[in-house]
Amino acid sequence: MRSSIGVGLIGMGVVGSGVARAITENSTALHSHVGSPLKLIRVAVRDTSKQREFMVSQNILGDNPEELINDESVNIVVELMGGEHPALELILAAVKNGKHVVTANKEVISKHGSEIFSLARENNVRVLFEASVGGGIPIISPLMRDLVANDIKSIKAIINGTTNYILTRMANEQADYQQVLQEAQELGYAESDPTSDVEGIDAAYKLSILSTLAFRASVKDTDIFTEGITSLTDKDFSYAKELGYSIKLLAIATRTDSSVLGRVHPALIPKEQMLAKVDDALNAVEVETDLLDKVLFHGPGAGSMPTSSAVVADIVNIARTIAGGTDLLDPVRLSDEIEIRSIDTLITKYYFRLEAEDQPGVLARIAAVLGDCGISISSFIQKGLGDQSTNAELVIMTHEASESSVTRAVSSLRGLEVVRMIGNVIRVVE
Ligand code: NAP
Ligand code: HSE
């Protein structure tokens, strides 16, 4: 038996503190899972004087990640600092030094996964990243291993805890967007720059990782159409409820023959669907395959302890192979070439909310614009905007239409003098 397996931790914030706590407080159980003790050798942070959720001995705390990467007694480097740089360079340097790596960094894996994995192969080390998608939900490992017999057709997911928390609170309590965003930050769900969460960028990184694994072909973050939640207002939640829908930030990748359409955007989903009931910081990933039909992975998608669960599992899996001298499966082998389809090819139903003059003939003119673009109306709601206003609010639900015709219709409606403003256009996912 090895005397111990050395772990070096870069970052001891929300996730890193949970990981340090788990390695320290669960050491006996982890020892028995691995067959050798796990030892936290060094921890690198930015500010060594900061008070933290979990404190480690000052002897192992420093502010230079390079030291940790060059330390011979560190076998596994755990990168939990986040961001693209210098996290990428540190991961690459660790791999070149023959260290295994565990990371929760979706940005780095999404943008640089292929470079990292091929370097890891050359250096005969493993880079695991279960926590990068879905927090504590096991989804990376099932896609790489348990679903390998399946041909995956689509992924439909809620994979950003911060936005799901915000949308749930806005829908149920008419909560103020800025205030709930701040709460999500205080609860440790948000990225250090929450723009990444609310603009859908974090979900796009995650969807690119899931799509690459599911379709065994490189799908980059820039291949994903991305729209965030910042245009949603109280009115949208109230109309969605009236119409029997929930609003969620969905991440969807659909494979058709040899092409994939990946998209992240707010969507109206019928309230009886399972994904509509995934609330707060919970995440869910629905995978549709040839053999299984649909399988749903559901659970805590962000936060310190759920994410630590996935990070520590990766550490244990690598440590077991070090302790037992066995090899882990080579996780990421991409074979297929895949064409990326534009969002313009999407065909779905749409919700339009707009304000227009409350005059005879106005609705007919709006319907004519939609009709000219090949868009057929399935239902509409009209509400006055109070005695002082000469305008009315219209909510139009359409039958299936193509995204390109909706783009044309929006542009024509903007040019119609009776239309005061287009409040929102939201895709419907059934
Ligand atoms: P965080 O709370 O901001 O913690 C980041 C840590 O990295 C801090 O301890 C910080 O040090 C340290 N750090 C930053 N730059 C550094 C540098 N140049 N040198 C040394 N240390 C540095 O972030 P987090 O929420 O734990 O997230 C970490 C990673 O996990 C990110 O990739 C994130 O996307 C991912 N993730 C997070 C969650 C979640 O729920 N939070 C879930 C899944 C995945 P100081 O403390 O001294 O500032
Ligand atoms: N900021 C991310 C989220 C953390 O809210 O989902 C988990 O990856």
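Fair warning: this is a prediction, and the values are worked out from it, not measured in the lab. We count ligands from 1, going down the list as the structure has it; atoms in each ligand are counted the same way.
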Worksheet entry | D279: side chain to side chain donor-acceptor pair (under 3.5 Å) partners, not counting sequence neighbours |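 D279 satisfies side chain to side chain donor-acceptor pair (under 3.5 Å) with K248 only.
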Discussion item. Using ring centroids (six-membered ring only for Trp), state whether Y351 and F380 fall under 6.0 Å.
Written reply: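 Ring centres of Y351 and F380 not closer than 6.0 Å.
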Discussion item. If we count only N and O atoms by modelled type, under 3.5 Å, do the side chains of Y189 and N164 hold a donor and an acceptor together?
Written reply: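 Side chains of Y189 and N164: no pair found under 3.5 Å.
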Discussion item. Which residue is it: T103, I140, L128, I76? I am looking for the one with a side chain to side chain contact (heavy atoms under 4.5 Å, CB included) to D314.
Written reply: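 That would be L128; it is the only one of T103, I140, L128, I76 passing the side chain to side chain contact (heavy atoms under 4.5 Å, CB included) with D314.
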Fill in: Flag for Q182-Q178: side-chain donor and acceptor within less than 3.5 Å
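Their side chains do not contain a donor-acceptor pair, so the 3.5 Å distance test is not met.
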Fill in: Stepwise ring-ring contact (aromatic ring centres under 6.0 Å, His included) check, F129 with F117
CA-CA 11 Å; F129 50 99; F117 298 123; 5.4 Å; yes
Worksheet item: What pairs of residues pass the side-chain hydrogen bond (donor to acceptor under 3.5 Å, both in side chains) test when at least one of them lies in residues 35-44, not counting sequence neighbours?
Response: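 For residues 35-44, and leaving out neighbouring residues, the side-chain hydrogen bond (donor to acceptor under 3.5 Å, both in side chains) pairs sorted by first residue read R42-E67, R42-D71.
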Worksheet item: Which parts of the protein, at residue level, reach under 4.0 Å of ligand 1 through a heavy atom?
Response: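 Those residues closer than 4.0 Å to ligand 1 by some heavy atom are G11, M12, G13, V14, V15, A44, V45, R46, D47, K50, R52, P65, L80, M81, G82, A104, N105, K106, A131, G188, E191, A302, G303, T307.
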Worksheet item: In terms of side-chain geometry, is the basic nitrogen of K96 or E122 positioned less than 4.0 Å from the acidic oxygen of its partner?
Response: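 No, K96 and E122 are not salt-bridged.
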Discussion item. What I want to check is whether the side chains of H112 and E84 have a donor and an acceptor closer together than 3.5 Å.
Written reply: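 Looking only at side-chain atoms, E84 and H112 do form a donor-acceptor pair, the distance falling under 3.5 Å.
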Worksheet entry | Atom-level proximity to ligand 2, residues with heavy atom under 4.0 Å |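 Contacting ligand 2 under 4.0 Å are K106, N160, G161, T162, Y189, A190, E191, D197, D202, K206, G301, A302.
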